[in-house]
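Residues take their numbers from the sequence shown, with the count starting at 1.
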Amino acid sequence: MRITSAGEFQRFGDYGLMGLPVTSVRSLVSFQGSLFASPSGAKGSRSNTCDFPAVFRCDDPTGKEWRKVSQDGFGDASNITVFCLYTGRDYLYAGTLNNSGCQVWRTNGAMVGDTCEWECIACDGAGRGSLNQAVACMCEFNQSIYVGTGIQNGGFDIANNIGPAAAEIFRINSDGSVEVVVGSRRKELAQSDPVSGLGPGFGNPLNGYIWSMCVHQGWLYAGTCNIGVMLNYVNLGALGDKGQRLLKHVGVENIMKEQAGAELWKSPDGENWVPVATGGLGNKFNLGVRNLISYQSRLIIGTANPFGPSIFNKCLDGSWVETQNPRGGFELFVSGLASDQQSSSDGSILLL
């Protein structure tokens, strides 16, 4: 869709991106005056994969004509989706979903025949392999590209036996070096410990994605997807012996109280991070910070929250009862407004 100067929404192009059988486009970015997109879903419950793992370009103001400007999977069949696109200062970046470990590619727009010239600048999940299955978001900050990762389905891809594991942030520096910012140790990297000193998921094992990042007033912000609230609905037997022992020892109720709900963190330099809000910004049903936008001195925060308008709760006798959930559905927050409305724990982020 596109919006006109009169504020009207219009359909832009044909259904499915030139009529291709795709059901979702996660990334839509502008680069050098053209529009770029990457299909990322198909019918048959394939919400994260499709048969067209490539980057498409549009120069047609009607949106009907698109052309493929990358090889499928950038020539690597293990790249099953181009999951994320990001426009930096000089390059268009593309991050993949790859069951052996995500990859990051970039182009300066130069064409070789009918496609852009692409180069791979990070592979093998930045040395973590399959536990960095997908690039969920990217952001340029202090001349480095920060990459947020994740494993599909909230950090545990049961179908492909990947995880459970929390997400990481790594960065690609201007000299081409790769550093783990938030994550696990790497023996094969020159720097073995994460530069922040924080483990995967900012130390919370339930933060399955780093789902969004942006720069706001000189700070780098990162929002997570946290699957803690889903533990009420998960078949705990599918978590394996280790997961079941952990839940039995800690207790689902304690996890829900202390660690469930999306988290928002910020850093002035990419290395020292502080939490802005945890616990879903006051609503544990906000399982993810899905979008972050810096707009006119305000930070706008959009959440993912599928728990409404009603949910099912489990009774002591094992039965389920449907109840209304007034905090279900996505919420919008804004930083720095004086209001009597509900705010985060530090009072600086207010619910719209």
Is it true that [X] and [Y] make a salt bridge, defined as a side-chain N closer than 4.0 Å to a carboxylate O?
{"X": "E65", "Y": "R57", "answer": "no"}
{"X": "R171", "Y": "E140", "answer": "no"}
{"X": "K68", "Y": "D72", "answer": "yes"}
{"X": "D51", "Y": "R46", "answer": "yes"}
{"X": "K64", "Y": "D14", "answer": "no"}

W105-F74 aromatic ring centre distance below 6.0 Å = yes
Can you check whether F202 and W273 have ring centres sitting under 6.0 Å from each other?
-> yes
What I want to check is whether the side chains of [X] and [Y] have a donor and an acceptor closer together than 3.5 Å.
{"X": "T81", "Y": "N79", "answer": "no"}
{"X": "N99", "Y": "S130", "answer": "no"}
{"X": "S184", "Y": "E168", "answer": "yes"}
{"X": "S78", "Y": "D76", "answer": "yes"}
{"X": "N173", "Y": "S144", "answer": "yes"}
{"X": "N305", "Y": "E331", "answer": "no"}
{"X": "S310", "Y": "N325", "answer": "no"}
{"X": "S319", "Y": "D317", "answer": "yes"}

Do L97 and V135 share a hydrophobic cluster, counting only Ile, Leu, Val, Met, Phe, Trp and Tyr and linking them when any side-chain heavy atoms are less than 4.5 Å apart?
-> no
Determine, using the 4.5 Å side-chain heavy-atom cutoff (strictly less than), whether V29 and V82 are members of one ILVMFWY cluster.
-> yes
Find out whether the Lys NZ or Arg CZ of R11 is both under 6.0 angstrom from the six-membered ring centre of Y15 and within 45° of the ring's axis.
-> yes
Audit row: C139, L220, side-chain contact (heavy atoms from CB on, under 4.5 Å) steps and yes/no = CA-CA 8 Å; C139 188; L220 176 62; 3.8 Å; yes
Take atom CD of E117 as the centre, draw a 6.0 Å sphere, and report whether it contains more than 12 heavy atoms from other residues, nucleotides or ligands.
-> no
Determine whether V289 and E263 make a side-chain contact, defined as any pair of heavy atoms from C-beta on separated by less than 4.5 Å.
-> no
Beyond-backbone contact of F36 with T107, side-chain heavy atoms, under 4.5 angstrom = no
Angle class for the W66/F12 ring planes (parallel below 30°, perpendicular above 60°, tilted otherwise)?
-> perpendicular
